[in-house]
Every structure is written in C-alpha cells, then in structure tokens.
A.B. asks: 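I have a structure here, written as structure tokens, and I will follow up with some questions on it.
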Amino acid sequence: MSDWKKDLDSLLAKVVEDELSATERGRLDEMLLANPNAREIYRQYVDVHCSLQEHLALPDFSAMNQAIEAVSEPARKKISRPIFSFAWQWGLATAAVFVFLFVVLSDAPTPVRASTIQAIAGTVKVTQPNGIELSNPDIGTPIPAGAIIKTVSADAFVELGFDDNSTMTLSEPASCRIIRYDKKQRSIRLIHGKLWATITPQPGRSPLIIHTPSSKLDVLGTVFDIETRPLFSRLRVSKGTVRMTRLVDNRSTEVHENQEILVSLNPDEDFNPLTPPKAVNYWQSNLEGAVEPSGVTIGYVKQLAGRPPFVVGEKVLIPNKGKLAKAIAVINFSVQKFGDSPVILDSGSQIHVQGLTKFTQGFYFFLSTKDETGAFSGKYYVSMKKNWMKKLDEKGWELKIPIEKFLGKDKRSKKSPTGLYLSDFGVSSYDAKLGILLLEAAVVPASQFQ
Amino acid sequence: MSTNQTALELSEEFVMELTRAQGRLFGFLFKRLAKRDQAQEVLQLTNLVICRKASDYQQGTNFMAWAVTIANFQLLAYRKKQVRDRLVFSDETLELIDDNREREESSLLHEHLRHCLELLAESGRDLLAQRYDENLSIQQISSALDKTANTVRLKLHRLRVELMNCVERRVKKELA
C-alpha cells in the first residue's frame, strides 16, 4: 500500500470518531486538496459511515427538536406545555418507520434462535442482527442471537425464556442485545435500563456473561437485577452469587445473596457490595441535587428560581405496528436507590403525586414490582381519574391513588400490587403535547393518612 | 395550546419529508465539515431555515434537492463565521469535495450497503452493532472486548473499507 493510502487510512478512522488532532486536520486537508483519489476514497468512506449511522443507529432528532422549540415557541413560559405539534409528532414517528425501512425489503435467512418471548406488554421492538425489525413480537416469538430487544414505553416489559430454563425480563425503557446464548457460550449486553434475571444452575456449563458500559458480570445459578445508565451500573443479587468486574480498572468482587453494588466509571469511587437496610412501607421522591441521586431515570430535573425542583417528562416515540407512531411523554423513577431500603406496598397504601400541568386526562401511572425472592413481578398501571385530583393552585394538582386501583399489565400479574416490593414508579401521557411535570411522588402507608 | 403561542402550521407531508431527510442532510454536512458537533450545529440551523421557508417549498418537487441547497447556504454562512483553525477543510478543498452526487446516490448506497452487511462475518457485524446500534464509544468497546482502543479503531476501519469496496463492486456490476 502506498504511503498516502496508509496515512489516509489512519486519518479516516479518526475522522468518523471525531479524534483528529489539529496537525492531522491539516494533513487531511492537504491530502484531499492534492489527491483526487484520496478525495474519492474520503467521500465513499464518509458515505458508508453516515449510512451505517442512519440505518443501524437509533434515530437522532435532536437537531429537529431545536427547530421546533425555536420556531414554535417564541419567548414565553415554557414550563407548563411542552410544544410538540401533531405534524411534528407524525413526522418524527414516520422517520422511525423509515429508519427501519429494510424490514419490508429483506430476504435474509432466519438466524439461529437464542430465546423465546414468554411474556410481553407495552411497546417492545426487536431488531434482528441484519437490522431488520421483527413485526409484532408476541408470546412465542423466537429471538435470534445478535438481536437487539428494546422496551420503548414506560409500561413495557418483555420476558425472554432460554433453553436452559433461565428467564430474563427487560423492564422500563431499556435495551439489550443477545450476543449469543447456546451450549457453548452465553453472553448478553445490557445497553441501558433494567434487566431482571433468574438463571438456572447448569453444572459444567460456562457462566453467563453480561456486559454493561461500565461492568462485566459472570453469572452461574442466581436471581438478580441490574440497572445500567451511561455512568454507572447497579446490581442487586437476591439469590446466589455474581462476580462483578469494574471495567475502568478491571477490579472484581463477588456480590452475594441480598447484597448490592454500584459500579461507576470513576475508579476512585467505592466498589464494595453492601447489604441494604430492612424494608420500609413508605417512600418519597427526592429531587434536590443532581439527576442520578434523585432516582429519575427517564425525564430530567429542572429548577426555576424560587420554585421547588420538578421533573420534565421525556418525549418517546412509540411505533404503532406498521402505522404511524406517536410521541408520548414519560417519567420514570427508580424507587430503591443504591443503599436504600426496599419499599413494600402494604395493603391500604396510597400513591401520592404532585404535578404541574392543567391537563386532567390522558395520563397513566405505572408501578414496576418484584416479589420477596427478588424476581420481577409485573407492571401495574392506572389511568388517571379526574375526581382523584385535588387542585393545589392555578396549574398544580395533587393525586392520591389507592394502591388497590392499580391493575396488572399481563395475565400472570396479581390482582393488585399489594404485598409486592416497588421497584420503579412511572408516569406517561398518551400524547407528548400534554407533557408531564412532576413535583413529587410518594408511597404513603394507611397509618399516615387515616 | 394557548392563544398567544404561534405554533408552526406545517403540513404533515412537509414534516415527513424533513424527518426523512435528517440522516442525509447530516451526511452532506459531515462530509464537508469532518466534525460531528459542527455538522450537528449547521443541521439545526438548516432545519430552522427549512421550517421558516416551508411555504416556499412546492409539494411534489424534489424536497431533498431543495433542503440540500439550504444546507449548503447554511454551511457556507457558518464557515464564514468560524476562524480557520476551527475548520478542517480550506475553501479550495471544500470546493473539490463537493461533487453534488449524494442526492441521487444515497438511496442506492443504502440498498447496496444492506446486502454488503449481510456478507460480513458475524464478528464484524457484532462490532458494527456495538459501535452503531448501541452507540458505544471506541473506549467502551475496547474495555468490553479486552482489546486496545487502537485495535478496535483499526478493526472498525477495516470493516468500513470492506463495506465501501463491496458497495463499489456492486455499483460497478450494476453499471456493467
């Protein structure tokens, strides 16, 4: 290979990763100015990179969002009404359909099955290794190795069953990739969100490896749940032992039954498992401070001068099985933060919510639960009723929802979440135009309000 | 929506066209700026102008060509405001890179790319999936695979080159 080609190769690899130094930028400019072949290769290479980005990556509409806000909302109060006109929603939704356009055109052979869907609720997307989305995934749908499974909406979860009788549940907006799951190798990548797993002991079989952006887990027979965010992963082991490795410094430790551990990308942070305190029957959201300690996993905390902090719902696109998708707004809280007591939902408890919007319809509230063994125990939801609402001031409201009003999202759920442990609390609106602004959420036992 | 808000009245078709164009507009700008944050910034300005000029667009005409013309004006205006040090390419190089071909070729490229992806080895597809589907950084991938960042960068580069050559072969075959 000629020298200029070698040099161009190294520069191209850096251009697409945004890693060019000032000197390298100059070299690339000189080379493309002087050499028509280098220009042609540059064009083709960047075309391939951008096409991969366009067709493999999740759509990024952030550049459009700014146009929406700048053009459609001139110098006014922004808090109470996230602006998202119908036409915009329609367009963005359509884009999601186009991003996965080759679904329809594909003639790819069926890849090897790695697992099967055992339970499903809400909006779940399964993208096969060749980029083709499975249409209408349902109970019994086989999932191939290499597929990416994504729970899109706040009410979504999907339970996957494997040939060794292990099960994994992806819950809250989350996504994972089954790298491989067969007799020789079991490997999963949790991209973001929460994964619950019950792994059947298989003597002589290689351990299940779970990769997250900040950690690696070696798992044999055990029950655990892991939540991963860009800067940290949190593991809770309910049964058995998991070996956890922190990627930033390759340190490993064993996490035993009823222990949890927080793994961050900062090597100076503590990396020791701890045993959480005993369960309590009350909980209150804490929005003071940064986002992570507040427990908000979807939505973002905002504070205006002279007002308490509040959470703004995040807009999420919901595909509609081949039809045009719609945008909804979602907020999700992780109830039991690292080191916190588990929260049990006692009979007669209420969920108290304070919000900041004048809309009174089109909201769902969600509870994600686990049972006493630590296994995922379903999602429960309730649609907001107007007569539950107590007006606090011009724009604010307060809701007190009896726990017994929440209904199971799938047939296997209990009649109500009473007696289960609360994992996540969520709110979602049918329509992003309505928006959601949350001031506070709490679980209040009967003894405190009777 | 309150009465004193002046929300845009854009037709659904227009918004769909613009949404569909996002990836290709970004590609057009990235190729000429070679910096992701700058391409994203100009894309935002472009979207704003496109929305404001929505009434100028005649439905049924070539939306992409119209949008690219606006993007090109925004690109040139943006470059004028930047000090030379912040830009990767000189005006002369930019002129040479600009070959005006992407509009027509883009959809063809995607079709060929889809076939070429299927021809890659599983390990290659896995790596591309980590980089693009999962949006992991080179550092994150290298940590997960227990390899150096350079090895991962080189492997990704080779995969892109392999795809590039495959697409080129398919285009040539089609033209033959």
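Throughout, protein chains are lettered first and strands after them, A, B, ... in sequence-line order, and every chain is numbered starting at 1.
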A.B. asks: Nearest heavy-atom pair of B:R160 and A:Y45: which atoms, and what distance?
C.D. replies: NH1-OH, 2.8 Å

A.B. asks: Keeping the roles fixed (side chain from B:R24, backbone from A:C50), state whether a donor-acceptor pair exists under 3.5 Å.
C.D. replies: no

A.B. asks: Give a yes or no on whether A:R251 atom CZ has more than 12 heavy-atom contacts from other residues, nucleotides or ligands under 6.0 Å away.
C.D. replies: yes

A.B. asks: Quick one: of A:R189, A:E30, A:H211, who has the most non-hydrogen atom pairs under 4.5 Å with chain B?
C.D. replies: A:R189

A.B. asks: Do you know which of B:E41, B:R131, B:E122, B:E168 has the most heavy-atom pairs under 4.5 Å to chain A?
C.D. replies: B:R131

A.B. asks: Find the distance between CD (B:Q130) and CD1 (A:I179) and round it off to the nearest 0.5 Å.
C.D. replies: 6.0 Å

A.B. asks: Is A:I41 in contact with chain B via its backbone, its side chain, both, or neither, using a 4.5 Å heavy-atom distance?
C.D. replies: both

A.B. asks: Tell me, out of A:T245, A:L247, A:I191, A:N250, who's got the most heavy-atom pairs with chain B below 4.5 Å.
C.D. replies: A:I191

A.B. asks: Looking at A:K14, I'd like to know if its NZ atom is crowded, meaning that more than 12 non-hydrogen atoms belonging to other residues, nucleotides or ligands lie closer than 6.0 Å.
C.D. replies: no

A.B. asks: Is a side-chain N or O of A:R43 found less than 3.5 angstrom from the main chain of B:I97, in a donor-acceptor match?
C.D. replies: yes

A.B. asks: Taking ring pair (Phe, Tyr, Trp, His ring centres under 6.0 Å) as the cut-off, I'd like each qualifying pair that reaches into residues 30-53 of chain B, sequence neighbours left out, listed once.
C.D. replies: A:H49-B:F30, B:F26-B:F30

A.B. asks: Given side chains that start at C-beta, do those of B:L87 and A:D29 come closer than 4.5 Å, heavy atoms only?
C.D. replies: no

A.B. asks: Any non-hydrogen side-chain atom of B:V88 less than 4.5 Å from a side-chain atom of A:V15?
C.D. replies: no

A.B. asks: At a heavy-atom separation under 4.5 Å, does B:A129 approach chain A through its side chain, its backbone, both, or neither?
C.D. replies: side chain

A.B. asks: Which residues in residues 149-157 of chain B have any heavy atom lying under 4.5 Å from a heavy atom of chain A?
C.D. replies: B:R153, B:L156, B:H157

A.B. asks: Between CG of B:N165 and CD of A:Q44, what distance do you get to the nearest 0.5 Å?
C.D. replies: 8.0 Å

A.B. asks: Just verifying a value: how many Å separate B:F89 CZ and A:L28 CG, rounded to the nearest 0.5 Å?
C.D. replies: 4.5 Å

A.B. asks: Can B:L96 and A:L32 be said to form a side chain to side chain contact (heavy atoms under 4.5 Å, CB included), step by step?
C.D. replies: CA-CA 8 Å; B:L96 291 168; A:L32 298 198; over 6 Å; no

A.B. asks: Quick one: side-chain hydrogen bond (donor to acceptor under 3.5 Å, both in side chains) partners of B:E92, sequence neighbours excluded?
C.D. replies: B:S90

A.B. asks: At a heavy-atom separation under 4.5 Å, does A:E24 approach chain B through its side chain, its backbone, both, or neither?
C.D. replies: neither

A.B. asks: Heavy-atom pairs under 4.5 Å with chain B are the metric here; pick the option from A:L20, A:T212, A:V16 that has the most.
C.D. replies: A:V16

A.B. asks: Taking heavy atoms only and a threshold strictly under 4.5 Å, list by residue number the residues of residues 71-82 of chain B that touch chain A; give 'none' if the list is empty.
C.D. replies: none

A.B. asks: First locate atom CG of A:D47, then atom CG of B:L113, and finally report the distance between them rounded to the nearest 0.5 Å.
C.D. replies: 10.0 Å

